[in-house]
Amino acid sequence: MDNSKKTVNVRQDFAILATQMNQQPLIYLDNAATTQKPQQVIEAIMAYYNTANANVHRGTYTLANNATNQYEQARTTVAKFIQATAEEIIFTRSTTESLNWIAKSYESKLQTGDEIVLTVAEHHSNIVPWQQLAQKTGAVLRFIKLDQTGKVSLTDAQQKITNKTKIVTFAYVSNVLGMRAPILELIKLAHAKNAITVIDGAQAMAHFPIDVMQLDIDFLAFSGHKMYGPTGIGVLYGKKALLEDMEPLQFGGEMIDEVTQDTATWQKIPWKFEAGTPNIAGAIGLAAAIDYLKKIGWQKIISHEQALMQATFKNLKTIPNLIIYGSQVPEDHYGVISFNLADLHPHDIATGLDLAGIAIRAGQHCAQPLMDYLHVLATLRISTSIYNQSSEVRKVAKILKELEAFFKS
Amino acid sequence: MDNSKKTVNVRQDFAILATQMNQQPLIYLDNAATTQKPQQVIEAIMAYYNTANANVHRGTYTLANNATNQYEQARTTVAKFIQATAEEIIFTRSTTESLNWIAKSYESKLQTGDEIVLTVAEHHSNIVPWQQLAQKTGAVLRFIKLDQTGKVSLTDAQQKITNKTKIVTFAYVSNVLGMRAPILELIKLAHAKNAITVIDGAQAMAHFPIDVMQLDIDFLAFSGHKMYGPTGIGVLYGKKALLEDMEPLQFGGEMIDEVTQDTATWQKIPWKFEAGTPNIAGAIGLAAAIDYLKKIGWQKIISHEQALMQATFKNLKTIPNLIIYGSQVPEDHYGVISFNLADLHPHDIATGLDLAGIAIRAGQHCAQPLMDYLHVLATLRISTSIYNQSSEVRKVAKILKELEAFFKS
Amino acid sequence: MTLLKLEQLYKQVVLEHAQNPHNQGQLVMPTAQIRLKNPTCGDVIELQVMIENKIITNIKFTGHGCTISQASASMLTNTVKGLEIKTAQKVITNFLAKISGQVITQADNQQLKDAAVLSSIAQFPTRIKCATLAWHGLAEILENEGK
Amino acid sequence: MTLLKLEQLYKQVVLEHAQNPHNQGQLVMPTAQIRLKNPTCGDVIELQVMIENKIITNIKFTGHGCTISQASASMLTNTVKGLEIKTAQKVITNFLAKISGQVITQADNQQLKDAAVLSSIAQFPTRIKCATLAWHGLAEILENEGK
Ligand SMILES: Cc1ncc(COP(=O)(O)O)c(C=O)c1O
Ligand SMILES: Cc1ncc(COP(=O)(O)O)c(C=O)c1O
């Protein structure tokens with residue numbers, strides 16, 4: 001089944017898809033690293049700079065008021081996107097910054113012997129901040145294992161989440177295996193022990209809707225650039241009471257209520273966390289990306305991506321020496337599939353694909369502990385998005401076969 | 001003298017200057033808050049997204065390599081701009097973040113009784129991070145006074161900078177008074193006591209060249225958005241040895257060398273500080289802004305801005321009840337001039353100007369301690385840039401007179 | 001043209017309230033008070049109220065700020081003095097509705113007294129914060145009283 | 001066409017070095033060693049050297065990685081074994097120059113031995129890190145020795 005017809009409208013929105021790479025049409029399949037940006041997003045940024053640029057929350061003139069309204073409107077758009085309220089949305093640089101801020105703010109709240117539970121499948125950005133927190137407080141990290149299909153093991157989670165657990169954190173979707181964590185169950189286990197839950201949403205947001213209320217998520221972190229938005233803008237969602245209970249992480253203009261030489265008091269949430277001039281154009285660009293996703297609609301996005309994952313599996317499965325990591329069921333993969341080809345080094349394969357215009361990732365995907373766990377040094381990774389088409393993954397499979405022949409000859 | 005002829009080329013680059021505000025041609029005079037962005041910067045961002053967008057430092061394919069090269073080239077452009085080396089340039093969100101990172105990293109280096117010296121004219125972003133550092137370490141803040149003309153007093157600086165001083169920090173140019181601190185002398189005083197110097201360059205970068213080597217600056221913080229670049233990108237310059245001695249402030253992807261479940265090691269500088277996906281488009285936009293400034297040339301920028309400041313003074317001085325704060329000499333002002341009109345509230349005046357299409361700032365300019373020091377509740381502030389023209393400040397003076405008459409009637 | 005718009009914003013009654021504010025000063029024994037700040041411009045208003053048997057028997061304010069915020073505080077005190085908490089809350093709601101551009105009934109409008117003229121601020125969004133500062137403050141006080 | 005370009009990168013001699021690397025293994029008593037890592041792809045190379053009287057009398061490597069990084073390490077050991085530190089440093093400089101697209105003299109080129117073919121990588125900027133990993137490592141060792 002070719003779904004190129006369904007996607008042709010979307011592809012027009014992404015100018016880069018019409019470019020050539022190494023004299024071949026670009027096939028971009030590293031969407032888990034960062035997605036491309038539609039004209040709608042780029043134009044929203046341009047329009048902001050060309051018609052409304054001013055600093056926010058400061059000026060008393062109309063232009064500044066317009067800028068502030070657009071920025072705060074972006075916050076509301078983000079809030080609605082995940083069923084939160086605007087005051088629960090803090091703009092950060094990225095998922096990484098959001099996770100760091102949460103971890104940092106728990107330095108004053110954890111003690112020796114407390115436990116932080118995560119999974120072995122986390123991205124470095126959801127490991128190292130917790131390692132630091134553990135070092136500073138004497139808390140201990142505990143890693144939930146995966147079952148044989150690559151799923152986060154609920155049996156093991158039940159062992160690891162105990163009365164000592166203060167924080168449970170995990171990627172909603174793994175950036176290596178592409179699989180979805182059993183979020184509802186994990187959050188219930190955590191809350192049963194009064195632990196807070198921190199969800200790394202980096203790989204989830206572009207693929208399906210997330211309702212923080214219904215899932216009862218305490219903190220959610222994600223990046224604009226992985227969901228068709230600009231670089232340099234991320235989101236930290238936190239439940240109102242939790243955010244109010246957090247101290248600001250950075251200090252300066254905008255987050256201040258009153259300052260004397262020796263003292264200062266803060267604004268209310270969310271502003272108390274946004275010190276200095278924020279990435280105004282970035283927030284507006286992210287809101288445009290959300291509007292873009294909404295315009296296409298989740299149903300269309302999900303059915304396109306599922307069909308594409310099926311096509312990807314079907315094509316890769318025609319290569320005998322290719323191993324897919326994690327689940328062997330296409331429906332379990334949300335835009336990401338990791339594999340290796342015979343005993344060939346991923347780096348060599350990636351170069352071969354690159355010469356054919358195909359951009360896919362080879363390496364450790366910022367997940368060394370998971371690589372160790374899977375006993376692999378590195379993998380190849382295809383990650384898809386709304387503008388990819390089955391003809392593209394077909395070409396990947398064809399070139400992979402040629403490369404195997406080349407390196408084995 | 002009308003310098004509109006000199007500026008007409010530059011004005012074409014800024015689409016927003018041709019727009020209307022409250023049915024009047026927009027006169028934008030809040031450049032100290034944020035400058036407008038030339039087409040060259042906006043187009044650099046667009047071009048990046050439309051031709052080179054990929055994540056940096058990760059992919060092995062050509063597109064990712066291009067993105068990485070552009071991002072690292074931007075770092076080199078910034079480094080050359082201030083006579084530093086690329087490894088000494090860390091990309092942050094803003095001046096505020098840069099200052100916070102320095103202050104935070106000195107938490108492990110200061111002790112009770114150590115002193116941090118700043119001036120009474122600092123922006124909140126260069127006060128509150130130091131207040132926090134003082135609270136955490138038991139260090140004490142000491143504020144250098146201004147002399148009667150608004151200059152940072154070197155006599156007082158000699159009193160305040162002592163053997164106890166560990167850090168000397170100040171704005172190169174004040175965002176309220178527009179005056180330049182005696183940077184060479186202050187840095188010499190600091191270094192004579194083995195204190196490090198932290199320069200808030202936010203208001204300086206767009207107005208004259210800065211040579212960190214020649215000035216012997218230890219740390220310099222500035223924002224892209226105040227020098228014709230995009231929002232969401234800032235710079236932290238630090239001397240190589242000092243940066244190497246600093247621990248990273250955020251943790252995650254990109255800044256990592258190796259990670260196991262319980263340990264992690266960092267990359268070299270500057271990357272060890274850049275956790276997660278950076279604001280790639282922002283860095284590229286900032287480099288485009290620097291190229292833009294270089295293309296115009298400092299000589300032209302400086303002579304235009306000085307002529308404009310002279311025109312501003314001349315026009316404002318025709319209003320009897322208008323008080324200019326700080327120096328009464330135009331040459332002492334770098335793009336910024338604060339004033340009040342009779343006993344009228346700045347907010348009311350700013351609204352009147354806004355109705356005439358004029359965007360200037362009324363308020364405390366994120367500098368409450370300076371307001372207290374000057375014994376004023378708030379001021380009006382005109383801040384100029386390369387695209388402003390003397391006809392604009394003439395109009396400001398005319399409307400100010402009308403407003404005084406209106407409110408006094 | 002600019003001056004015309006300005007006159008629309010600064011109606012005579014606004015200027016009068018700002019120049020001769022009513023109920024400025026401090027109460028000897030307030031039952032509640034609040035300090036309000038507009039961080040953009042530095043305006044500060046302190047409201048003090050005397051509430052007896054759920055009635056606002058007295059209310060005064062001090063502080064400094066622009067014409068709009070001073071006039072608005074003066075108008076507020078005039079309008080709510082002597083009202084029951086419940087009624088005052090309704091008046092505040094009506095004021096905030098009107099100033100954000102909504103239409104309210106003529107009866108409700110009359111109850112606003114002089115403050116009704118401030119509704120012209122709906123057209124000047126940059127000043128709504130100034131005009132509502134004191135009103136939001138009283139709303140907070142009354143909410144706490146009601147608890 | 002793609003395969004043609006690939007052949008240019010993976011010349012026969014490169015593939016041979018990768019499949020049958022020279023000097024792979026560990027030294028009994030190295031005088032210096034270094035661990036190198038390409039964090040993008042996870043390649044790791046450990047170099048061990050034996051330096052006696054300012055001469056590299058032995059050199060071996062272990063580790064895992066892509067064809068290019070393995071072949072390059074193998075070629076490096078072949079090229080520098082038996083050289084004086086100074087000469088080895090010159091050879092490394094020449095190699096890095098050539099691989100970044102600069103022209104070097106024929107004499108210098110010959111001294112590179114098999115590694116000379118790696119210069120084709122100049123056209124594949126994404127792989128220069130792989131091809132130079134071991135060479136940068138040896139350069140670091142030699143710099144420390146020279147101190
Ligand atoms: C002197 C000074 N320092 C620091 C800042 C903070 O800059 P940013 O908001 O870009 O972090 C500003 C700008 O408002 C400033 O004028
Ligand atoms: C699962 C996961 N978490 C966190 C991150 C970090 O995102 P960012 O680099 O945008 O901070 C990524 C992206 O690389 C990711 O895939």
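Proteins come first, then strands; the chains are lettered A, B, ... in the order of their sequence lines, and each starts at number 1.
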Revision key, fill the gap. Exactly one of D:L36, D:T77, D:L27 clears side-chain contact (heavy atoms from CB on, under 4.5 Å) with D:F61, and that residue is D:T77
Revision key, fill the gap. The interface call for D:Q70 against chain A, heavy-atom contacts under 4.5 Å, is neither
Check your understanding: Which bit of D:L9 is near chain A, if near means a heavy-atom gap under 4.5 Å: side chain, backbone, both or neither?
Key -> side chain
Point to revise | Spatial distance of atom CZ (A:F313) from atom CD (A:Q328) [nearest 0.5 Å] | key: 6.0 Å
Review point. Aromatic rings D:Y10 and A:F406: how do their planes relate, parallel, tilted or perpendicular, breaks at 30° and 60°?
Key: perpendicular
Exercise for review: Give a yes or no answer on whether the side chain of A:H347 reaches the backbone of D:I68 with a donor-acceptor pair at less than 3.5 Å.
Suggested key: no
Review point. Can you say whether A:H345 sits under 4.5 Å from chain D via the side chain, the backbone, both, or neither, judging by heavy atoms?
Key: side chain
